[in-house]
Amino acid sequence: MATARAKPAARRNVLPGRLSPGMACDTAFRIIARRHLDAVLAQHDGTCHGDPEALHQIRIALTHLRTAIRFFSPMVDDALRPNVWAELKWLNSQLGMVRDLDVAIERVIAESGGELDVIAELQHWDEKRAESHRLLARALQSARYRRLVEQTSAWIESGPWSTRRSKEAIRLRRCPLADHATAQLTEWETTLLRKARKLRKLDVEKRHKLRLLNKRLTYSIESLEDLFADESLTKQKSILKQLRKAQRSLGQLNDDARGQTLAASLNEAVPEAGIRFLNRKRQKKLLRTASNAYRKLDKAKPFRSSDLAPNAEPED
């Protein structure tokens, strides 16, 4: 087993500490991506040692990083991006199984009431969690994980995307952050609200995709926090409030679906395990909460360039 700590590539670009509206998109991408990659590394040891909160935080940081890559597409779409993306997706899948089990176990404990049969059921869940965590710890201490960190860091700093000489590539890199962010947030919010109107009719898979769109928009707004000030900060917080409310409800619905899937793997040992994750009343309540949040979001004024760049002058 490889145990050496993974380290990001040497950082040759000296960057500002904060984002600014007139900042070029290539600089903004590096700042945001660095922040989230560093956050992944900060939770590595805790995750290896089995800390559920560290696992939760490393997944959030990883999703933030993947969202940043999407947010700055097509600027960063070069020949290396598919491999970087595939490796980040691999890491997310390694983390996801253990996190799903943590959430399912929390649900079982919350509803146990000290019943002996539930305590016996928990033993099977814990065994499955321990096995999954062993596999995760092995992955996080592997040569593949170290390569992932080094290659992703090097790509962020100086990937082919950063040196392409076509007029379009140069335009995308030099585009002011506020201009790009306004267009991207508007596009993603419009898509999210259009799909959300059919929320109650969506099956589990399509509802999961809606949740990912919601998360993508939420995390992008969070990553751009440096740009908001005064009245626009109030607007940002109001929009994030509704997005997070919908996210929590959709997340709980997704956790229930994942819990049913995981429970199916325990059927032989615990035949009734899946019933715990089937609750029509709970499902209706969660769907209603998410729908109300989207209605309020739809009534809110969309982001404008003035929200992200109040009185800003273009930067060199």
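Nothing here was measured: the structure is a model prediction, and the numbers come from that model. Just so you know, these numbers use all the heavy atoms, side chains as well, and skip hydrogens, waters and symmetry mates.
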In sequence, state the C-alpha distance, the side-chain angles, and the governing distance for His36 and Thr67, and then conclude on side chain to side chain donor-acceptor pair (under 3.5 Å). CA-CA 10 Å; His36 299 317; Thr67 298; over 6 Å; no
Apply the test side chain to side chain contact (heavy atoms under 4.5 Å, CB included) to residues Ile60 and His56: give CA-CA distance (whole Å), side-chain angles for both, the deciding distance (0.1 Å), then the verdict. CA-CA 6 Å; Ile60 289 175; His56 181 49; 3.5 Å; yes
Quick one, Glu168 with Arg171, criterion salt bridge (charged side-chain N to carboxylate O under 4.0 Å, His left out). Give me CA distance, side-chain angles, the key distance, then yes/no. CA-CA 5 Å; Glu168 178 63 6; Arg171 183 190 70 79; 2.8 Å; yes
For Glu189 and Leu297: C-alpha separation, side-chain torsions, deciding distance, then whether side chain to side chain contact (heavy atoms under 4.5 Å, CB included) applies. CA-CA 9 Å; Glu189 183 179 10; Leu297 183 63; 3.9 Å; yes
What do the steps show when you test His64 against Glu222 for side chain to side chain contact (heavy atoms under 4.5 Å, CB included), and what is the final call? CA-CA 9 Å; His64 266 293; Glu222 289 175 347; 3.3 Å; yes
Quick one: do Asp102 and Arg59 satisfy salt bridge (charged side-chain N to carboxylate O under 4.0 Å, His left out)? Show the steps, please. CA-CA 13 Å; Asp102 283 342; Arg59 286 197 75 209; over 6 Å; no
What verdict does the side chain to side chain contact (heavy atoms under 4.5 Å, CB included) test give for Leu19 and Thr27, after you've listed the backbone C-alpha separation in whole Å, the side-chain angles of each residue and the deciding distance to 0.1 Å? CA-CA 9 Å; Leu19 302 172; Thr27 301; over 6 Å; no
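Between the side chain of Ser162 and the main chain of Gly159, a donor-acceptor pair closer than 3.5 Å is present. Side-chain atoms of Glu87 never come within 3.5 Å of backbone atoms of Leu148 as a donor-acceptor pair (strictly under, hydrogens ignored). For the pair Thr191 (side chain) and Glu187 (backbone), a donor-acceptor distance under 3.5 Å is present. Side chain of Arg34 to backbone of Ile156: no donor-acceptor contact under 3.5 angstrom is found.
The shortest distance between side-chain heavy atoms of Val98 and Ser132 falls below 4.5 Å. Two residues are said to be in side-chain contact when any heavy atoms from C-beta on lie closer than 4.5 Å; Thr234 and Phe228 fail this criterion.
Every residue meeting the side-chain hydrogen bond (donor to acceptor under 3.5 Å, both in side chains) condition with Tyr294, not counting sequence neighbours, appears here in chain and number order: Asn214. The side chain to side chain contact (heavy atoms under 4.5 Å, CB included) search around Gln252 returns Arg282, Leu286, not counting sequence neighbours.
The line from CG of Leu253 to CD of Gln283 is 6.0 Å long, rounded to the nearest 0.5 Å. Atom-to-atom distance recorded for Lys235:NZ and Ser306:OG is 6.5 Å, nearest 0.5 angstrom. Note that OG of Ser220 and CZ of Arg216 are 8.5 Å apart. Values are rounded to the nearest 0.5 Å. The CG atom of Leu136 sits 7.0 Å away from atom CD of Gln94, with the distance rounded to the nearest 0.5 Å.
Annotation: Phe72 is not in aromatic contact with Trp161 [ring centroid separation under 6.0 Å not met].
When the side chains of ILVMFWY residues are joined at heavy-atom separations under 4.5 Å, either directly or via intervening members, Leu212 and Leu217 end up in two distinct hydrophobic clusters. In the hydrophobic cluster analysis, where Ile, Leu, Val, Met, Phe, Trp and Tyr join through side-chain heavy atoms closer than 4.5 angstrom, Leu88 is grouped together with Ile32. With hydrophobic clusters built from ILVMFWY side chains whose heavy atoms lie under 4.5 angstrom apart, Tyr219 does not share a cluster with Leu193.
Between His44 and Tyr145, the angle of the ring planes stays under 30°, which puts this pair in the parallel group of the 30/60° scheme.
Around CD of Glu53, the count of heavy atoms belonging to other residues, nucleotides or ligands within 6.0 Å exceeds 12. Atom CD of Glu205 has 12 or fewer neighbouring heavy atoms from other residues, nucleotides or ligands inside a 6.0 Å radius.
Considering every non-hydrogen atom in both Ala257 and Val204, the closest pair reads CB-CG1, 3.8 Å.
Counting only residues at least two apart or in different chains, ring pair (Phe, Tyr, Trp, His ring centres under 6.0 Å) contacts with residues 189-212 are absent.
Residue Thr218 forms a side chain to side chain contact (heavy atoms under 4.5 Å, CB included) with just one option from Leu213, Ile239, Leu243, and that option is Leu243.
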